[in-house]
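See below for the structure under consideration.
First the proteins, then the strands, lettered A, B, ... as listed; each starts at 1.
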Amino acid sequence: MAQITLIEGVTMALARAMEEDPSVVVLGEDVGVNGGVFRATAGLHQRFGDNRVIDTPLAEVMIAGTTVGMATQGMKPVAEAQFCGFTMPMIDHIMCHAGRMRNRTRGRLSCPMVLRFPSGGGIHAPEHHSESPEALFAHMPGLRVVIPSSPSRAYGLLLAAIRDPDPVIFMEPKRIYRWQKEEVVDDGEELPLDVCYTLRDGNDLTLVTWGAMVKETMQAADQLESQGVSVEVIDVATISPLDMDTIIESVERTGRCVIVQEAPKHCGVASEIAAGLADAGIWHLHAPVKRVCGYDAIMPLYRNEMKYMPSAKRIVHAAQQVLEVS
Amino acid sequence: MAQITLIEGVTMALARAMEEDPSVVVLGEDVGVNGGVFRATAGLHQRFGDNRVIDTPLAEVMIAGTTVGMATQGMKPVAEAQFCGFTMPMIDHIMCHAGRMRNRTRGRLSCPMVLRFPSGGGIHAPEHHSESPEALFAHMPGLRVVIPSSPSRAYGLLLAAIRDPDPVIFMEPKRIYRWQKEEVVDDGEELPLDVCYTLRDGNDLTLVTWGAMVKETMQAADQLESQGVSVEVIDVATISPLDMDTIIESVERTGRCVIVQEAPKHCGVASEIAAGLADAGIWHLHAPVKRVCGYDAIMPLYRNEMKYMPSAKRIVHAAQQVLEVS
Amino acid sequence: MAQTVAAFKVDYFQFLKPDGKLVEDQQVPALARDYDRLVELYKLMVLTRTFDKKAVALQRTGKLGTYASCLGHEAAHISIGAAMREEDCFAPMYREYGAQFYRGVKMSEVLMYWGGDERGNDFSGPKHDFAWCVPIATQCLHAAGAALAYKLRGEERVAVSVVGDGGSSKGDFLEAINAGSAWKLPLVLVIVNNQWAISVPRDKQNTAATLAQKGIAGGLPSIQVDGNDMIACLWAMEKAINAARAGKGAFVIEMMTYRLSDHTTADDARRYRPNEEVEEAWEKEPVKRLKAYLIDQGAWSEEREAELLEECSKWVQQAADEYIDQVENNPQGVTAMFDYMFAELPHDLEEQRAYAEQFPEDGGHH
Amino acid sequence: MAQTVAAFKVDYFQFLKPDGKLVEDQQVPALARDYDRLVELYKLMVLTRTFDKKAVALQRTGKLGTYASCLGHEAAHISIGAAMREEDCFAPMYREYGAQFYRGVKMSEVLMYWGGDERGNDFSGPKHDFAWCVPIATQCLHAAGAALAYKLRGEERVAVSVVGDGGSSKGDFLEAINAGSAWKLPLVLVIVNNQWAISVPRDKQNTAATLAQKGIAGGLPSIQVDGNDMIACLWAMEKAINAARAGKGAFVIEMMTYRLSDHTTADDARRYRPNEEVEEAWEKEPVKRLKAYLIDQGAWSEEREAELLEECSKWVQQAADEYIDQVENNPQGVTAMFDYMFAELPHDLEEQRAYAEQFPEDGGHH
Ligand SMILES: Cc1ncc(C[n+]2csc(CCOP(=O)(O)OP(=O)(O)O)c2C)c(N)n1
Ligand SMILES: Cc1ncc(C[n+]2csc(CCOP(=O)(O)OP(=O)(O)O)c2C)c(N)n1
Ligand SMILES: [Mg+2]
Ligand SMILES: [Mg+2]
């Protein structure tokens, strides 16, 4: 049984899904012979050929639009956007068609597609390669939005996303593509697309995060533990639909919550979670709900990009603020 | 002094801005001879001619991209998207360029443009004519997002938006385009782009809203007042940057807050406001913060669209929930 | 060295002149002598026009929402439906009822849609056809995707999409041409050039001689036809579809017609276009033209016309009644907006659905 | 009636053959005899190539981020800069350093940009030029907007944009052609066709004979030139810019060249393209070609070449030193990310800026 990285989990799930269902096709820029700029589709073209692994012209609107079209006609296309920034031209087809096809036609047509792309910063890449647009997609009805943060979750959630009869936005935290290795059995077992994962149990404080921020959040949890604080860490994993129950249940025990996100703060997913706590979770709160986020500024070019993103230090700082309150 | 409607306030501000600054041009589909499908630009073509009021080809990406281009070269373009749904293809240029031009070039270039469009539902229009995408734009750094809800605010805020040296998304609540008339003096006075407006003072409950939902929210406030509840109503007006101070100051007095938005609930602006309360406002809260929102579903075609949107009844229902808590 | 590396042209085809006579100076397609077929098509043109008039009347009396008329487009639209097979896929914009009627969509379903009821989109036409598409030109890429699906599966099916003169400026249409070219797709893209995009005249879309030549960007065969000439339209559509089905790739047809009505019932075209232009256009309109030809050929008569008109009125009235009955006596409930969002309702929507059920009549019907 | 309503062609121009000889069978432009000018351009080609090599080396040694090489594109790029006036506006994609150097952008500024420092975008070139543009083809519409601004103000200025063979598939480019056509803009759109879009070969973008013919969609004059022939490139650019400046509207030029390098330093082209193809392309590359011609004409010599190379190395080293000095000794602080977001900092960013100042070293430099 192999120890694999997150991105290898992606590749493994793609291969598995293509193997088991001939209607699954992969398309995008450079996904063919080149195997994708991050190698997520490495080997697939060789194995499944031109009709299953399709290098597209350089045209994101076209990729999104034809993916929607294919999905309505019995295919299960898995489209890749090369980087997060290049999903912006795709939003029209995703929002106006993918998320609406089933509802618009009262179920006559559906749109079982996946749009997957590497997201987030921290890999020294040029401008527009470092965005975290999950909140945009999460605000659009009719979509599932999923972000794995480990090799096994990449495998299980992507398999579920491809098999799902409705459109799924699958965001891959590129900064941790090769961070950790994990044993993952290629057994075709999928993971549910509507639950959070508790990565660590604790009683004093709940840290909620997703994607690459799991790394800094776990570091912060370690530091806090070493100061005697018992920290629970939750990986949201599926942003839409959001599993607030798990989060509220945790805060019921800890009374304190800090939410960590890499994206800009204003109208981000962290705000949705905090809002959920301000409603159904309010009686459990012993302290303000803090959000540690990317700034409402543009992710800087690489020399300063790490200054933009929440660090373990910033997370610990916020944690201490909410722990101070008695 | 004329009693004018909200949309007339828009037209008046456009004319004023064009009069005082020759670099202001208006462009969009049907904005010329036709005066816009809602008549927002009525009379402008006749008055300012072909070079100032430009009918564009039917191409939203082009409208957005050329608007950005013009804005960097000394013009102050005011682009119209014909309906909210048709801003989706514009998002790429708005997010990746309009909001970034100044920062990207360390101030060498800037992008003083306005993108204005009618938004929201309730006018019996076809699909894609009824969206409320403010949360999407509010999540994008580098933009101001403004929504007037009265004739005078339409006039004052649009003037400020056009004069502002940075890009502004100006969303016009089309359902109340002709709801109320107000005396507005065409005196060129602008309104600030970073404050909320308190429409009504009260001590028991704070209702926060913006755009066309002001209508239902004021109705709900009337009903609550008749039940003896003293209601404060805040019109957010500027979504980015958000004036949380005014809201928190109000909740400090009332201890209770219901936020009303027409857009889908998940990751909407209401969640941002609730999150702000869960942080800086937490000690003032005597009850859960409730959000009364559009559902996380597609705005139905017109026969059921009013069932989608928050009604005074739903607002009162939520208000009663938070008032019940002692 | 200057060397011509590529040369192109756009040809214009017309077989039936505005006066109902065939052009003399060339061969006309056999189709022109297939009177049975032409009579069938003519009948559908008349039915479509009767329907259109009724729909506008329903809107004027508050029984229908905004409606986009197809007045003047009957030859263009119906030729599209007539050239397609059931298993082909149609991706319409919003006013091609003629094409859809041919494919089995019911008049009452069209009314349901414009009457603000999503059930109109769950129509009796081919189940794989796309719904009406409001975001202009996006449908062209959906058709390209459908065509790609058929090609990948080795099916002999063709996808057909329609765009307007306005919509032909949009990147989606241009990218669909490129997709058709890159993947040699079984795809036919029809530009129904009715000279106006709401208030914006054709000349403001661009200064090129034709819109058909956009197909040249992808090296696609690109022609222009008289869009009021049913024979030319159908001949061109069959040529394009046959080529596409035979694996020869995509095709672009520009049909030159005229929007005789307002853009929609929400529009008032008198604000921006001269009445003389409209009057002139009436001289060239497609229904009168085919009728004159058929009568000339002895294939049609005023008596049959009178009968037909009566029948059409009856069918249209039936459709209107059906529509009104459905929306009034069997309306969609508040929960309908949740029930088709996903194959299986996620937990958050389940909650919202339960909440919405507490406010079933809320907001009401305006 | 079948009638040809529009006819088009795409011509290909080459004046200087790969072997450095002029073509015989036709007139060459006067430019071919302007040795002083050609020598100046040649020198910039050599400088650009020296710079490029250095930039790749800096990346390999960890002193620069991902870098997009311009190896092989020197004639195409520099001709663009050379044909423009200061007051014209350039909207680059990302690898046209040659054009930018001509316009006054400093080598150290290019390094700053790829070195992850926004100050590289506040360059010494014309203040109204656009910054490097990562979202492919969007720059074409910015150029169209600039051209519209100049036209509306009655200024005799031209906007020039560049797109790749890959980028030419994107709606933005196609809509820019349409905008240029609709508004008869002073706009020159250059397709630098280097045969590859990362790993995707030209043939997969579409099956059309040329990319230039995309201009035909808008009825624009559209030509192809040998993009490794400085004389042809500059002649075409001047022709297009003159026409645009004279109010004759927009122009499309496809320059046929080859990407001799990997796509960027993050790419490994050996994974997807045969070495023989690259070797063949080296036979046609632009620098060697112009050098052979100039030596042949007695306008250049190996001695001057040696001197030039030495000078170039020196200048490039200076630029590298300047760059390293700036980013190491005068780095941007944590607050820089706030200070240029708006003309005036809104209250929310003021708060965030103050907070960020508490974590000035946070995250650090990876
Ligand atoms: C993307 C988009 N932008 C704008 C609109 C609003 N709109 C609806 S129809 C129309 C004009 C369409 O003109 P054309 O393409 O010529 O088709 P026609 O209506 O003439 O058949 C416009 C601008 C829309 N539906 N979609
Ligand atoms: C909208 C967008 N999609 C994808 C990318 C990623 N990307 C960067 S360069 C490139 C290939 C560009 O090829 P081409 O247009 O031929 O230009 P070249 O690099 O060959 O000069 C791609 C796909 C991007 N930068 N922008
Ligand atoms: Mg039209
Ligand atoms: Mg290329």
Side-chain angles (χ1 to χ4, degrees), chain B residues 22-23 25 27 50-52 54-75 77 89 92-93 95-97 99-113 141-144 164-167 193-195 238 240-245 276, chain D residues 89 91 117-123 125 127-135 137-155 157 159 161 170-172 174-176 178-179 181-183 185 332 336-351:
Chain B
S23 66
V25 297
L27 72 163
D50 275 348
N51 276 2
R52 305 283 304 280
I54 304 169
D55 269 336
T56 64
L58 205 171
E60 278 75 13
V61 176
M62 191 215 74
I63 296 173
T66 54
T67 296
V68 167
M70 290 171 87
T72 63
Q73 305 294 314
M75 306 294 284
D92 187 31
H93 280 276
M95 157 104 173
C96 294
H97 296 297
R100 292 176 176 230
M101 200 58 81
R102 183 187 291 278
N103 179 70
R104 172 185 294 150
T105 61
R106 301 285 96 161
R108 182 171 59 80
L109 295 175
S110 64
C111 196
M113 60 171 277
L143 307 174
R144 292 177 195 273
D164 194 86
D166 289 300
L193 290 180
D194 56 0
V195 299
T238 296
S240 286
L242 184 62
D243 170 18
M244 273 306 292
D245 287 351
Chain D
C89 181
D117 189 317
E118 288 83 357
R119 290 174 298 178
N121 270 328
D122 183 16
F123 49 53
K127 288 298 170 205
H128 55 270
D129 272 14
F130 287 92
W132 289 283
C133 186
V134 172
T138 52
Q139 71 277 5
C140 301
L141 285 170
H142 303 159
L148 180 55
Y150 305 151
K151 180 169 179 169
L152 292 177
R153 292 200 299 254
E155 297 168 356
R157 297 165 69 182
S161 190
K170 216 168 152 253
D172 290 70
L174 305 165
E175 291 193 12
N178 199 66
S181 170
W183 291 324
L185 295 177
Q332 296 189 105
M337 77 175 98
F338 300 98
D339 292 340
Y340 303 93
M341 287 300 298
F342 293 91
E344 215 176 311
L345 207 60
H347 57 77
D348 56 347
L349 284 189
E350 227 168 76
E351 246 173 65

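The CG atom of Asp164(B) sits 9.0 Å away from atom CD of Glu344(D), with the distance rounded to the nearest 0.5 Å. In this structure, CD1 in Ile54(B) is found 6.0 Å from CH2 in Trp183(D), a value given to the nearest 0.5 Å. The CD atom of Glu118(D) sits 6.0 Å away from the CG atom of Asn103(B) when rounded to the nearest 0.5 Å. The CE atom of Met62(B) lies 13.5 Å from the SG atom of Cys140(D); values are rounded to the nearest 0.5 Å. Note: Phe130(D) CZ to Arg104(B) CZ = 10.0 Å, rounded to the nearest 0.5 Å. The line from CG of Leu193(B) to CZ of Phe342(D) is 10.5 Å long, rounded to the nearest 0.5 Å.
Heavy atoms of Leu143(B) lying under 4.5 Å from chain D belong exclusively to its backbone. Proximity to chain B (any heavy atom under 4.5 Å) is shown, for Ala146(D), by both the backbone and the side chain. Looking at Asp245(B), there are no atoms closer than 4.5 Å to chain D (heavy atoms on both sides), in backbone or side chain. Of the atoms belonging to Pro141(B), heavy atoms from both backbone and side chain fall under 4.5 Å from chain D. For Ala176(D), no part sits under 4.5 Å from any heavy atom of chain B, backbone or side chain. Using a 4.5 Å cut-off between heavy atoms, Thr56(B) touches chain D through backbone and side chain atoms alike. Only the side chain of Thr72(B) has a heavy atom closer than 4.5 Å to any heavy atom of chain D.
Of the residues considered (Ala91(D), Ala159(D), Ala149(D)), Ala149(D) shows the highest number of contacts with chain B, using heavy-atom pairs under 4.5 Å. Ranking Pro346(D), Gly145(D), Gly171(D), Ala131(D) against chain B, the residue ahead of the rest is Gly145(D), based on heavy-atom pairs under 4.5 Å. Between chain D and the options Ala59(B), Gly69(B), Gly99(B), heavy-atom pairs under 4.5 Å are most frequent for Gly69(B). Across Met70(B), Arg102(B), Met244(B), the residue that shares the most heavy-atom pairs under 4.5 angstrom with chain D is Arg102(B). In terms of non-hydrogen atom pairs under 4.5 Å with chain B, the most contact-rich of Leu152(D), Asn178(D), Asp348(D) is Leu152(D).
Side-chain contact of Asp172(D) with His93(B): a donor-acceptor pair under 3.5 Å is present, judged by distance alone.
Annotation: side chain of Asn121(D) is not in contact with side chain of Arg106(B) (no heavy-atom distance under 4.5 Å). Within the 4.5 Å cutoff, the side chain of Asp92(B) has heavy atoms near those of the Thr138(D) side chain. Within the 4.5 Å cutoff, side-chain heavy atoms of Leu141(D) are placed close to those of Val61(B). Within the 4.5 Å cutoff, the side chain of Glu175(D) has no heavy atoms near those of the Pro57(B) side chain. Using a 4.5 Å heavy-atom cutoff, the side chains of Arg153(D) and Pro22(B) are not in contact.
The backbone N or O of Ala343(D) lies less than 3.5 Å from a partner atom in the side chain of Asp166(B), making a donor-acceptor pair. Checking side-chain atoms of Gln73(B) against main-chain N and O of His128(D) turns up a donor-acceptor pair under 3.5 Å. A donor-acceptor pair is defined here as one N or O able to donate and one able to accept, closer than 3.5 Å; no such pair exists between the side chain of Asp122(D) and the backbone of Arg108(B).
Here the closest heavy-atom approach between residue Gly65(B) and residue His142(D) is recorded as O-CD2, 3.4 Å. Summarising the geometry of Met341(D) relative to Gly142(B), their closest heavy-atom pair is CE-N, 3.3 Å, with the distance given to 0.1 Å.
A search for salt bridge (Lys or Arg N to Asp or Glu O under 4.0 Å) contacts involving Asp117(D) returns Arg119(D), not counting sequence neighbours.
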